[in-house]
Amino acid sequence: MAEAIRRAFVCGHPVEHSMSPAIHGYWISQHGLNATYEKIDVMPEDFPDFLEGLALAGYSGGNITIPHKETAFSNVRSKDEAALKIGAVNTVWLENDILCGTNTDWSGFAANLDEHAPGWDSCEVAVVLGAGGAARGVIYALIDRGISKIRIVNRTRSRADRLAGDFASNRGSELLVDDWAELQHALQTAELLINTTSLGLEGGDDAPNISGLPSSAIVTDIVYSPLQTPLLKAADSAGLKTVDGLGMLLHQAVPGFEKWFGVRPKVTPQLRDMIIEKLDAAS
Ligand code: ATR
């Protein structure tokens, strides 16, 4: 008897521009699987019912994107340590009919640096710009990799203080908060700078002033559209090592695919090129 088709999805609102169907579709055909990956737009008020009905609808699981990640966090029955610490769920799956959730942004972030800046985690001081949801995943990854000192710099200081407090009981990393006006001071000892703010997102050309960074620092941005953000351009011009955010998007997709379809897929240069083409076409 032919094996039943396995179905997964990305659910958001809006979800039209999600690159996840292209990523998972590439892997499905590469592995010759009897599987589908759909794009589903669900309004916030309908999202809890959507989650509740996953088993009945025949899904193995899926990705959750904006604005549903926090609701997914509240509504899954089982979640792992990463989801608990980050406070948001971006990947769900069914295990014996129980809805489980995790957050794979942090492992995607770490895997992207592992691929493009191997040895990055031997650095001692990392500076994180921003204190929103995306910063939480990045900080979880930095703590997981044992970075000794993590400085959080955010326009609104109170948010950074809260974030540092939430991660205070960690595995040995020291978390410090600096005022936005003190950025140059914070950068002086930074070996790794991560931008998690929306500065430089498509359409904006603002870049924080990074003239205070040592010349050996690595600079990365979690924004991948545009690929070369104003921050990365500035860092590149200053001769610093840079890593763009596209690899984080690609690598965060790996654990979900493995959960739903039982195969661990690979992030390849061909996949990256295909997504760059789609991003170029969409912009
Ligand atoms: P996400 O979940 O993507 O992190 P978010 O929670 O809205 O989104 O957080 C956006 C981050 O970008 C915040 O750190 C925000 O700073 P505030 O906490 O002060 O709002 C930061 N940000 C957005 N626009 C910014 C700007 N023009 N300058 C500096 N920081 C900015």
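All ligand and atom numbering here is 1-based and tracks the order in the structure. Computed from heavy atoms alone, side chains included, the values below leave out hydrogens, waters and symmetry copies.
Considering Ile210, Ile152, Thr197 in turn, Thr197 is the only one that fulfils the side-chain contact (heavy atoms from CB on, under 4.5 Å) rule with Leu129. With respect to Phe9, the ring pair (Phe, Tyr, Trp, His ring centres under 6.0 Å) criterion is satisfied by exactly one of Trp93, Phe50, Trp260: Phe50.
With respect to atom 11 (C) of ligand 1, the closest heavy atom belonging to the protein is Thr197 CA, 4.0 Å. Of the protein's heavy atoms, Gly133 N, 3.2 Å lies nearest to atom 2 (O) of ligand 1. Shortest contact from atom 29 (C) of ligand 1 to any protein heavy atom: Trp180 CZ2, 3.6 Å. Among all protein heavy atoms, the one lying closest to atom 13 (C) of ligand 1 is Arg159 NH1, 3.6 Å. The nearest heavy-atom contact from the protein to atom 17 (P) of ligand 1 is Thr156 OG1, 3.4 Å.
Proximity of Leu249 to Met19: side-chain heavy atoms (C-beta onward) are separated by under 4.5 Å at one or more points.
Annotation for ligand 1: atoms under 4.0 Å from non-hydrogen atoms of Gly132 are 4 (O), 6 (O), 9 (O), 14 (O). Listed by atom number, the atoms of ligand 1 under 4.0 Å from Ala131 heavy atoms are 14 (O). Taking a cut-off of under 4.0 Å to the non-hydrogen atoms of Ser198, the atoms of ligand 1 that pass are 12 (O), 22 (N), 23 (C), 24 (N). Taking every heavy atom of Gly130 and a limit of under 4.0 angstrom, the matching atoms of ligand 1 come to 14 (O).
Distance alone, capped at 3.5 Å, places no donor-acceptor pair between the Trp27 side chain and the Ala22 backbone.
Geometrically, Lys79 engages Phe73 in a cation-pi contact defined by less than 6.0 Å to the ring centre and at most 45° from the axis. Remark: Arg7 qualifies as a cation-pi partner of Tyr59 under the 6.0 Å distance and 45° angle criteria applied to the six-membered ring.
Atom-to-atom distance recorded for Asp41:CG and Ser18:OG is 11.0 Å, nearest 0.5 angstrom.
Protein heavy atoms all stay at least 4.0 Å away from atom 7 (O) of ligand 1.
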Q: Go through the steps for Ser211 and Gln184 under the test side chain to side chain contact (heavy atoms under 4.5 Å, CB included), then give the verdict.
A: CA-CA 7 Å; Ser211 54; Gln184 292 316 311; 3.7 Å; yes
Q: Using the side chain to side chain contact (heavy atoms under 4.5 Å, CB included) rule, take Arg6 and Leu33 through it: C-alpha gap first, then chi angles, then the decisive distance, then the call.
A: CA-CA 9 Å; Arg6 295 200 192 184; Leu33 301 181; over 6 Å; no
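Across Val128, Asn195, Asn154, Val138, heavy-atom proximity to atom 16 (O) of ligand 1 is greatest for Asn154.
The proximity of Arg155 to ligand 1, defined as any non-hydrogen pair under 4.0 Å, involves the side chain as well as the backbone. If you look at Ala134 next to ligand 1, the close heavy atoms, those under 4.0 Å, come from the backbone and the side chain alike.
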